[in-house]
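For reference, the structure discussed in these notes is given below.
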Amino acid sequence: MTAPTVPPVPPFGRTVCAMVTPFTADGALDLDGAQRLADHLVGEGGCDGLVLSGTTGESPTTSDAEKSALIRAVADAVGDRARITAGVGSPDTRHTVELARAAEAAGAHGVLVVTPYYSRPPQEDIAEHFLTVADAVGVPVMLYDIPGRTGTRIEPATMLRLAGHPRIAGVKDCAYDLLGSSKVIAQTGLAYYSGCEELNLPLRSVGGTGYVSTVANVAGPLLAAALDAFDRGAHAEALRCHQRVLPLVEAMMAAGLPGTVTAKALLTTLGLPAGPVRAPLRGAGAERVAELVRAYEKTVGAP
């Protein structure tokens with residue numbers, strides 16, 4: 001059997017970690033910790049890309065200045081070993097443009113732009129929002145489709161329109177619509193990234209490029225192994241890798257706590273920089289941490 005052709009890797013990378021933002025014990029931005037964590041993730045952590053200041057990075061509670069400082073620090077730490085994509089989404093188009101330009105100036109290789117939330121604009125307005133941002137920067141843009149958080153999805157027809165812009169290059173897909181995603185993949189050159197770990201392998205099987213993952217903060221090599229095996233044509237092995245990581249995915253992403261909270265709890269247990277979360281989030285209690293550690297040990301092994 002001929003192995004599937006691996007799609008060209010776009011500027012965002014392929015095995016991308018949605019990195020937490022480390023804070024000090026008193027809640028301040030921990031730039032030294034961010035550099036150490038980023039170095040780990042792109043080294044033994046198996047990641048060739050990092051998303052900074054996404055949802056997992058607690059972007060709603062970090063200032064614009066902190067976001068830029070984080071990009072500069074991580075860029076210094078990883079050099080050319082990984083692509084850095086900065087989350088710049090907001091419900092305000094003007095503010096999103098400001099964040100995108102600041103991210104580019106700070107050294108980001110690309111920007112992640114979420115659908116404007118709360119106001120729930122119609123599709124025409126959503127398209128104009130993304131086009132305005134893409135026109136304002138010189139780096140590739142990844143669209144973030146997560147209707148469960150924003151209240152509005154990017155419809156496939158809108159994706160097809162946006163794909164014509166030279167700087168709109170990718171999609172972080174959390175829409176749970178494999179048919180719609182398959183149609184857009186088939187008709188465009190957009191690089192599709194799974195934003196839901198349980199769909200990493202299914203999306204790759206219909207032409208997806210990779211993933212943007214919270215779980216990759218603690219289990220990046222296992223997530224990458226599933227894609228690597230699939231691309232070698234070792235589909236049974238890919239399935240085993242995919243199934244092996246599911247208990248950890250469920251514990252971290254589907255057990256009632258935000259992924260930021262669960263990722264930071266495990267990173268702390270593993271002795272890696274993380275620190276507390278910022279309010280309104282609260283850290284995981286001892287019982288939940290114990291459950292997470294059990295799931296980690298079952299999936300990865302003892303810390």
Side-chain angles (χ1 to χ4, degrees), residues 4-16 18 48-49 51 54-55 83-91 93 96-97 99-101 103-104 108-117 120-196 199-213 227 231:
T5 300
V6 180
V9 178
F12 311 107
R14 174 173 170 265
T15 56
V16 183
D48 63 7
V51 166
T55 308
R83 308 300 290 176
I84 296 172
T85 302
V88 299
S90 85
T93 301
T96 303
V97 166
L99 288 171
R101 287 174 169 163
E104 182 178 9
H109 303 113
V111 293
L112 174 67
V113 186
V114 73
T115 314
Y117 42 89
R120 302 183 68 177
Q123 291 296 303
E124 180 66 24
D125 296 354
I126 289 172
E128 287 302 318
H129 173 83
F130 288 126
L131 292 170
T132 298
V133 177
D135 284 341
V137 295
V139 295
V141 173
M142 182 188 293
L143 310 178
Y144 189 4
D145 190 17
I146 183 166
R149 287 185 181 271
T150 65
T152 309
R153 71 167 301 184
I154 312 170
E155 295 291 346
T158 305
M159 289 286 193
L160 294 175
R161 174 188 171 189
L162 293 170
H165 193 287
R167 281 183 296 283
I168 294 179
V171 177
K172 181 181 178 184
D173 184 8
C174 293
Y176 286 96
D177 177 14
L178 200 57
L179 174 59
S181 299
S182 299
K183 289 168 62 177
V184 177
I185 291 169
Q187 296 180 51
T188 74
L190 291 174
Y192 257 70
Y193 292 82
S194 170
C196 309
L199 294 181
N200 286 359
L201 185 58
L203 190 66
R204 176 67 188 95
S205 73
V206 296
T209 297
Y211 53 75
V212 176
S213 169
L227 298 193
D231 292 343

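Reckoned from all heavy atoms, side chains included, excluding hydrogens, waters and symmetry mates.
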To check you understand the geometry: which heavy-atom pair defines the closest contact between H109 and V139, and what is its length?
O-CB, 3.5 Å
Report yes if some heavy atom in the side chain of V16 is under 4.5 Å from a heavy atom in the side chain of T85; otherwise report no.
no
Which heavy atom of A100 sits nearest to which heavy atom of V133, and what is that distance?
CB-CG1, 4.0 Å
Minimum side-chain heavy-atom gap E128-T93 below 4.5 Å
no
Is any side-chain heavy atom of M142 closer than 4.5 Å to one of V212?
yes
Roughly how far, to the nearest 0.5 Å, is CZ of F130 from CG of L143?
5.0 Å
So do the side chains of L112 and K172 get within less than 4.5 Å of each other, counting heavy atoms only?
yes
What heavy-atom pair brings P116 and P121 nearest, and what distance separates the two atoms?
O-CD, 3.7 Å
Donor-acceptor pair, Q123 side chain versus E155 backbone, under 3.5 Å?
yes
Distance-only donor-acceptor hits, side chain of residues 145-154, under 3.5 Å, sequence neighbours excluded:
from : atom 1 : to   : atom 2 : distance (Å)
D145 : OD1    : I154 : N      : 2.9
T150 : OG1    : I146 : O      : 3.3
T150 : OG1    : T152 : N      : 3.3
T150 : OG1    : T152 : O      : 2.8
R153 : NH1    : D177 : OD2    : 2.9

Mind checking whether R161 and L131 have side chains closer than 4.5 Å, heavy atoms only?
yes
Heavy-atom donor-acceptor pair, D48 side chain to R14 backbone, under 3.5 Å:
yes
Under 3.5 Å, side chain of R83 to main-chain N/O of G49, donor-acceptor pair present?
no
Can you find a pair of side-chain heavy atoms, one from D173 and one from Y193, that are under 4.5 Å apart?
no
Determine whether L199 and L178 make a side-chain contact, defined as any pair of heavy atoms from C-beta on separated by less than 4.5 Å.
no
Minimum heavy-atom distance between H165 and A134, given as atom pair plus value
CE1-CB, 3.5 Å
If I compare all heavy atoms of G89 with all of V114, which pair ends up nearest, and what's the gap?
CA-CG1, 3.8 Å
Test side chain to side chain contact (heavy atoms under 4.5 Å, CB included) on F12 and T209 and set out the steps.
CA-CA 10 Å; F12 311 107; T209 297; over 6 Å; no
Would you confirm whether Y176, through its side chain, and C196, through its main-chain N or O, come within 3.5 Å as a donor-acceptor pair?
no
Give me the atom names and distance for the closest heavy-atom approach of G170 to L190.
N-CD2, 3.9 Å
Start with the C-alpha distance between E124 and T158, add both sets of side-chain angles, then the distance that settles side chain to side chain contact (heavy atoms under 4.5 Å, CB included), and finish with yes or no.
CA-CA 8 Å; E124 180 66 24; T158 305; over 6 Å; no
Distance from T188 atom OG1 to K183 atom NZ, nearest 0.5 Å?
12.5 Å
Begin with the C-alpha distance, continue with both residues' side-chain angles, and end with the deciding distance and a verdict on side chain to side chain contact (heavy atoms under 4.5 Å, CB included) for L203 and I185.
CA-CA 10 Å; L203 190 66; I185 291 169; 4.1 Å; yes
